[in-house]
Amino acid sequence: DAGVIQSPRHEVTEMGQEVTLRCKPISGHDYLFWYRQTMMRGLELLIYFNNNVPIDDSGMPEDRFSAKMPNASFSTLKIQPSEPRDSAVYFCASSPAKNIQYFGAGTRLSVL
Amino acid sequence: RKEVEQDPGPFNVPEGATVAFNCTYSNSASQSFFWYRQDCRKEPKLLMSVYSSGNEDGRFTAQLNRASQYISLLIRDSKLSDSATYLCAVRPPSGGSYIPTFGRGTSLIVHP
(Lines give C-alpha, C1' and ligand atoms only; values in the text may rest on other atoms or scores of the structure.)
Protein backbone atom coordinates (compact mmCIF):
# COMPACT_ATOMS: atom_id res chain seq x y z
CA ASP A 1 0.00 0.00 0.00
CA ALA A 2 1.63 3.20 -1.20
CA GLY A 3 -0.40 5.47 1.04
CA VAL A 4 -1.49 8.95 0.04
CA ILE A 5 0.92 10.44 -2.46
CA GLN A 6 1.45 14.17 -2.78
CA SER A 7 3.53 16.15 -5.20
CA PRO A 8 5.58 18.18 -5.22
CA ARG A 9 7.10 17.78 -1.77
CA HIS A 10 8.49 21.30 -1.85
CA GLU A 11 7.47 24.27 -3.91
CA VAL A 12 9.10 27.67 -3.95
CA THR A 13 7.46 30.28 -6.09
CA GLU A 14 7.13 34.01 -6.45
CA MET A 15 4.14 36.04 -5.49
CA GLY A 16 1.57 36.15 -8.26
CA GLN A 17 2.46 32.78 -9.74
CA GLU A 18 0.05 29.91 -10.05
CA VAL A 19 0.69 26.91 -7.82
CA THR A 20 -0.79 23.46 -8.33
CA LEU A 21 -0.58 20.78 -5.68
CA ARG A 22 -1.40 17.18 -6.49
CA CYS A 23 -2.70 14.26 -4.53
CA LYS A 24 -3.33 10.58 -5.15
CA PRO A 25 -5.50 9.07 -2.40
CA ILE A 26 -5.41 5.52 -1.16
CA SER A 27 -7.32 3.28 -3.52
CA GLY A 28 -10.82 2.55 -2.31
CA HIS A 29 -11.06 5.55 -0.01
CA ASP A 30 -14.22 7.54 -0.70
CA TYR A 31 -13.19 10.71 1.10
CA LEU A 32 -10.41 13.12 0.23
CA PHE A 33 -9.41 16.12 2.32
CA TRP A 34 -7.14 19.09 1.77
CA TYR A 35 -5.61 20.71 4.84
CA ARG A 36 -3.28 23.62 5.44
CA GLN A 37 -0.97 23.69 8.46
CA THR A 38 0.79 26.75 9.87
CA MET A 39 2.31 27.51 13.22
CA MET A 40 -0.24 30.24 13.84
CA ARG A 41 -3.42 28.43 12.85
CA GLY A 42 -2.59 24.76 13.19
CA LEU A 43 -4.22 22.22 10.88
CA GLU A 44 -7.12 23.76 8.96
CA LEU A 45 -9.52 21.86 6.74
CA LEU A 46 -9.82 23.61 3.39
CA ILE A 47 -12.16 21.33 1.46
CA TYR A 48 -13.24 17.73 1.29
CA PHE A 49 -14.67 15.46 -1.39
CA ASN A 50 -16.88 12.41 -1.19
CA ASN A 51 -16.85 10.16 -4.23
CA ASN A 52 -15.12 12.91 -6.21
CA VAL A 53 -17.80 15.49 -5.37
CA PRO A 54 -16.86 18.57 -3.32
CA ILE A 55 -18.97 18.53 -0.17
CA ASP A 56 -17.71 21.38 1.96
CA ASP A 57 -15.37 24.10 0.77
CA SER A 58 -16.12 26.56 3.55
CA GLY A 59 -12.52 26.38 4.67
CA MET A 60 -11.13 27.64 1.39
CA PRO A 61 -9.72 31.01 2.33
CA GLU A 62 -10.73 32.93 -0.79
CA ASP A 63 -11.38 32.71 -4.48
CA ARG A 64 -7.72 32.38 -5.25
CA PHE A 65 -7.98 28.80 -4.02
CA SER A 66 -9.69 26.09 -6.03
CA ALA A 67 -9.74 22.30 -5.83
CA LYS A 68 -10.81 19.59 -8.19
CA MET A 69 -11.14 15.84 -8.14
CA PRO A 70 -11.65 14.65 -11.72
CA ASN A 71 -11.54 10.99 -10.74
CA ALA A 72 -11.19 8.73 -7.73
CA SER A 73 -7.41 8.61 -7.93
CA PHE A 74 -6.44 12.24 -8.38
CA SER A 75 -7.07 15.66 -6.90
CA THR A 76 -5.51 19.08 -7.29
CA LEU A 77 -5.41 22.19 -5.16
CA LYS A 78 -4.64 25.33 -7.10
CA ILE A 79 -3.69 28.77 -5.86
CA GLN A 80 -3.84 31.57 -8.39
CA PRO A 81 -2.37 34.08 -7.85
CA SER A 82 -0.24 32.98 -4.91
CA GLU A 83 0.65 35.34 -2.06
CA PRO A 84 3.32 35.16 0.67
CA ARG A 85 0.64 34.48 3.30
CA ASP A 86 -0.18 31.24 1.48
CA SER A 87 3.15 29.83 2.64
CA ALA A 88 2.35 26.72 4.66
CA VAL A 89 2.40 22.95 4.55
CA TYR A 90 -0.51 21.57 2.57
CA PHE A 91 -1.65 18.07 3.41
CA CYS A 92 -3.93 15.80 1.49
CA ALA A 93 -5.65 13.01 3.40
CA SER A 94 -7.99 10.23 2.44
CA SER A 95 -10.39 8.12 4.43
CA PRO A 96 -12.69 5.15 3.88
CA ALA A 97 -15.23 6.95 6.06
CA LYS A 98 -15.52 10.24 7.88
CA ASN A 99 -13.35 9.27 10.78
CA ILE A 100 -9.75 8.07 10.64
CA GLN A 101 -7.71 9.97 8.08
CA TYR A 102 -4.52 8.93 6.35
CA PHE A 103 -2.29 11.83 5.48
CA GLY A 104 0.16 12.29 2.68
CA ALA A 105 3.65 13.59 3.36
CA GLY A 106 2.56 17.12 2.51
CA THR A 107 3.73 19.87 0.21
CA ARG A 108 5.81 22.59 1.80
CA LEU A 109 4.95 25.79 -0.06
CA SER A 110 6.99 28.95 0.13
CA VAL A 111 5.74 32.03 -1.70
CA LEU A 112 8.36 34.73 -1.92
CA ARG B 1 -14.41 28.84 23.17
CA LYS B 2 -12.61 27.06 20.36
CA GLU B 3 -14.02 23.75 19.18
CA VAL B 4 -10.94 21.79 20.19
CA GLU B 5 -8.21 23.12 22.45
CA GLN B 6 -4.85 21.79 23.51
CA ASP B 7 -2.02 23.15 25.61
CA PRO B 8 0.74 23.71 23.03
CA GLY B 9 3.49 22.94 25.56
CA PRO B 10 6.23 22.03 25.12
CA PHE B 11 6.17 19.35 27.77
CA ASN B 12 9.80 18.67 28.55
CA VAL B 13 10.27 15.38 30.43
CA PRO B 14 13.13 12.97 31.17
CA GLU B 15 13.23 9.48 29.79
CA GLY B 16 11.16 7.11 31.85
CA ALA B 17 8.74 9.77 33.05
CA THR B 18 5.00 9.57 32.84
CA VAL B 19 3.33 12.45 31.03
CA ALA B 20 -0.28 13.29 30.29
CA PHE B 21 -1.96 15.69 27.89
CA ASN B 22 -5.54 16.86 27.76
CA CYS B 23 -7.68 18.03 24.89
CA THR B 24 -10.93 19.87 25.56
CA TYR B 25 -13.83 20.08 23.14
CA SER B 26 -16.79 22.43 23.05
CA ASN B 27 -19.56 20.31 21.52
CA SER B 28 -20.95 18.03 24.19
CA ALA B 29 -22.56 15.81 21.55
CA SER B 30 -19.25 14.99 19.84
CA GLN B 31 -19.13 11.42 18.67
CA SER B 32 -15.61 10.20 18.08
CA PHE B 33 -12.20 11.07 19.38
CA PHE B 34 -8.70 10.38 18.19
CA TRP B 35 -5.07 11.04 19.00
CA TYR B 36 -2.60 11.60 16.19
CA ARG B 37 1.15 11.86 16.39
CA GLN B 38 3.11 14.25 14.19
CA ASP B 39 6.88 14.08 14.01
CA CYS B 40 8.84 17.18 13.05
CA ARG B 41 8.32 18.01 9.37
CA LYS B 42 6.17 14.91 8.85
CA GLU B 43 2.50 14.21 8.42
CA PRO B 44 0.09 13.40 11.25
CA LYS B 45 -0.43 9.69 11.81
CA LEU B 46 -3.15 8.04 13.83
CA LEU B 47 -1.88 6.99 17.24
CA MET B 48 -5.10 5.67 18.67
CA SER B 49 -8.83 6.12 18.78
CA VAL B 50 -10.38 6.99 22.12
CA TYR B 51 -13.21 4.78 23.32
CA SER B 52 -15.80 5.68 25.91
CA SER B 53 -14.47 3.13 28.37
CA GLY B 54 -10.88 4.19 27.82
CA ASN B 55 -8.29 2.14 26.01
CA GLU B 56 -4.67 1.22 26.26
CA ASP B 57 -2.01 0.40 23.71
CA GLY B 58 1.25 -0.55 25.29
CA ARG B 59 2.61 2.49 27.12
CA PHE B 60 -0.21 4.71 25.84
CA THR B 61 -3.57 5.14 27.54
CA ALA B 62 -6.40 7.25 26.18
CA GLN B 63 -9.43 8.29 28.18
CA LEU B 64 -12.62 10.20 27.58
CA ASN B 65 -14.32 12.37 30.18
CA ARG B 66 -17.68 13.34 28.72
CA ALA B 67 -18.84 15.21 31.80
CA SER B 68 -15.92 17.63 31.61
CA GLN B 69 -15.61 17.37 27.83
CA TYR B 70 -12.04 16.38 27.45
CA ILE B 71 -9.92 13.49 26.30
CA SER B 72 -6.54 12.61 27.69
CA LEU B 73 -3.43 10.78 26.55
CA LEU B 74 -1.11 9.24 29.12
CA ILE B 75 2.35 8.06 28.14
CA ARG B 76 4.21 5.86 30.61
CA ASP B 77 7.94 5.18 30.63
CA SER B 78 8.63 7.90 28.06
CA LYS B 79 11.20 7.16 25.36
CA LEU B 80 13.30 9.59 23.38
CA SER B 81 11.38 8.44 20.32
CA ASP B 82 8.13 9.69 21.84
CA SER B 83 9.25 13.25 21.15
CA ALA B 84 6.66 14.63 18.75
CA THR B 85 3.55 16.77 18.59
CA TYR B 86 0.34 15.07 19.64
CA LEU B 87 -2.83 16.24 17.95
CA CYS B 88 -6.29 15.42 19.13
CA ALA B 89 -9.20 15.16 16.71
CA VAL B 90 -12.86 15.36 17.64
CA ARG B 91 -15.73 14.42 15.37
CA PRO B 92 -18.94 16.40 15.83
CA PRO B 93 -22.34 14.72 16.02
CA SER B 94 -24.02 13.49 12.88
CA GLY B 95 -26.15 16.00 10.99
CA GLY B 96 -23.31 18.42 10.47
CA SER B 97 -20.19 18.01 8.42
CA TYR B 98 -19.27 15.02 10.55
CA ILE B 99 -15.61 15.72 9.83
CA PRO B 100 -13.11 15.60 12.69
CA THR B 101 -11.71 18.92 13.90
CA PHE B 102 -8.07 18.91 14.96
CA GLY B 103 -6.51 20.65 17.88
CA ARG B 104 -3.30 22.57 17.33
CA GLY B 105 -1.26 19.95 19.08
CA THR B 106 0.84 19.52 22.21
CA SER B 107 4.58 19.31 21.80
CA LEU B 108 6.44 16.67 23.80
CA ILE B 109 10.20 16.64 24.23
CA VAL B 110 11.72 13.65 25.98
CA HIS B 111 15.33 14.22 27.02
CA PRO B 112 18.00 11.80 28.24
Inset, instruction - State, with a plain yes or no, whether a side-chain heavy atom of A/F91 is found less than 4.5 Å away from one of B/P44. - result: yes

Legend entry - Minimum side-chain heavy-atom gap B/I99-A/D56 below 4.5 Å: no

Legend entry - Part of B/T101 within contact of chain A (heavy atom distance under 4.5 Å): neither

Inset, instruction - Give a yes or no on this: more than 12 heavy atoms of other residues, nucleotides or ligands lie within 6.0 Å of atom CG of A/N71. - result: yes

Legend entry - Distance (rounded to the nearest 0.5 Å) between A/F103 CZ and B/Y36 OH: 5.5 Å

Legend entry - ILVMFWY network linking B/L80 to B/I109, side-chain heavy atoms under 4.5 angstrom: no

Inset, instruction - Kindly write out the residues that satisfy side-chain contact (heavy atoms from CB on, under 4.5 Å) with B/S83, not counting sequence neighbours, or none if the list is empty. - result: B/V110

Inset, instruction - Using a 4.5 Å cut-off on heavy atoms from C-beta on, say whether the side chain of A/Q101 contacts that of B/F102. - result: yes

Legend entry - Value rounded to 0.5 Å, distance of CZ in B/R104 from CE in A/M39: 8.0 Å

Legend entry - Single-linkage hydrophobic cluster, 4.5 Å side-chain cutoff, A/V111 and A/W34 together: yes

Inset, instruction - For residues A/R108 and B/R41, report the shortest heavy-atom separation together with the two atoms involved. - result: NE-NH2, 3.3 Å

Inset, instruction - May I ask whether B/I71 and B/V19 are part of the same hydrophobic cluster, defined by side-chain heavy atoms of I, L, V, M, F, W, Y residues being less than 4.5 angstrom apart, directly or through others? - result: yes

Under 3.5 Å, side-chain donor or acceptor atoms of residues 12-23 of chain A against the rest of the protein: list the pairs with distances, not counting sequence neighbours.
from	atom 1	to	atom 2	distance (Å)
A/R22	NH1	A/T20	O	3.4

Inset, instruction - Select one option (side chain, backbone, both, neither) describing which atoms of A/Y102 are under 4.5 Å from chain B's heavy atoms. - result: neither

Legend entry - Crowding at CD, A/Q37 (>12 non-hydrogen neighbours, <6.0 Å): yes

Inset, instruction - Before giving the answer on side-chain hydrogen bond (donor to acceptor under 3.5 Å, both in side chains), spell out for B/E43 and A/Q6 the whole-Å C-alpha distance, their side-chain angles and the decisive distance to 0.1 Å. - result: CA-CA 11 Å; B/E43 72 274 23; A/Q6 290 187 246; over 6 Å; no

